[in-house]
Amino acid sequence: MTLLFEGGGTMFSNVVQIAMRHDLLGTPDGQALLEFCYARGARWDIRDGWNQTSFLELLECALQHRRRELCGKRSIEDNLKVVRGILECQQDSHNLWNGSEVREKGDACETTFYYMLRALAEAGLVGLSIARQYISTAEEFGAKWDAIAWNYSPPWGIYEKGKLTNFHSLVDLLGHAGCLEHPDTVTILSRALEFGADFAVDDHRPPGRRRIVAHIPNLLWTCRRQMLVLIALLSHDRAITGPDDVGAALNWLALLVKRQHGPAISLKVGHPVVRLVFSFLPRVPPVLGYDFKTEGRGGRSFQRRHRSAEEGL
């Protein structure tokens, strides 16, 4: 089961792929198959020649991050139950997420958790509830954001993209998936910056034409600026929201402001309601501060220009 294949993968990882293709794992027959493999030395953290594990093989099959003919008929939600069941049986589940590469033992690296984030982006799942469930499951079983070498870039470049760090590679994938401005993307990138990612570290050459470049500070502040503008419009009767949409909570918040202070009051920075709104929004790492003028890299960008919060207040 520990035999390494020349093209990548191990005997056990291939068994996992075939078992997931036929929806065996999570069933009594699948458990018997795993016990058979365990008895012959199989482990979920065995690394192949590409430095990837059998557990990563399981995740990619669970996320259907393969050609459809290589995936089973179960839904991604059902596959998550299979993944949780396997994690619950592991004594050191954190090792499955944060395993070190061969560069130097203990150093941050491209962990299985990082590859799962990439798979979620490539599959277009970021922004959906199932992506949040996978991330929360990973954190529950020991995945660490600071174990990822966010600022590491391989010695090779990617055609028409350049030499990307792990952080910018994830940003590029999220851009191609069309979910850069989604709050879940903002949360993922914020966590990366909180735990060591540097948005200013990038290829010194101009990005290639296939590369999607985001203005990271603007991206992470957009949600807050838009929320402040919307609350200002609501509190001055310049915008309305219906009771059956997402804006119902904002409508309630604006009515609360009117009842307490009257419709003529304007919200200021530091106002209790503004601080309350900030507490509900994705965290912005202190490294970005309150500077909206930070220059980003050139190249294509999916970011739009937004009014500053002060204009709406």
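When atom types are taken as modelled, the side chain of Asn79 and the backbone of Ala62 share a donor-acceptor pair closer than 3.5 angstrom. Between the side chain of Asp198 and the main chain of Ala200, a donor-acceptor pair closer than 3.5 Å is present. Checked by atom type and distance alone, the side chain of Ser93 pairs as donor or acceptor with a backbone atom of Phe141 at under 3.5 Å. The backbone N or O of Ala149 lies less than 3.5 Å from a partner atom in the side chain of Asn166, making a donor-acceptor pair.
Between Lys144 and Asp146 there is no salt bridge, since no side-chain N of the basic residue sits under 4.0 Å from a carboxylate O of the acidic one.
In this structure Glu77 satisfies the side chain to side chain contact (heavy atoms under 4.5 Å, CB included) test together with Ser75, Ile130, sequence neighbours excluded. Scored by the side chain to side chain contact (heavy atoms under 4.5 Å, CB included) test, Gln91 finds no partners at all (sequence neighbours excluded).
When only modelled atom types and interatomic distance are considered, Ser169 and Arg118 share a side-chain donor-acceptor pair under 3.5 Å. Looking only at atom types and distance, the side chain of Trp145 has a donor-acceptor partner in the side chain of Glu139 under 3.5 Å away. At a cut-off of 3.5 Å, with distance as the only test, a side-chain donor of Gln133 or Ser129 sits close to an acceptor on the other residue.
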Solution key, residues 153-164 side-chain donor-acceptor pairs under 3.5 Å, sequence neighbours excluded:
from	atom 1	to	atom 2	distance (Å)
Glu160	OE2	Arg209	NE	2.9
Glu160	OE2	Arg209	NH2	3.0
Lys161	NZ	Asp172	OD2	2.6

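By the 6.0 Å and 45° rule, Arg40 does not stack over the aromatic ring of Tyr38.
When each of Leu180, Asp184, Leu117, Leu120 is checked for a side chain to side chain contact (heavy atoms under 4.5 Å, CB included) with Leu174, only Leu180 meets the rule.
Two residues are said to be in side-chain contact when any heavy atoms from C-beta on lie closer than 4.5 Å; Thr112 and Met116 fail this criterion.
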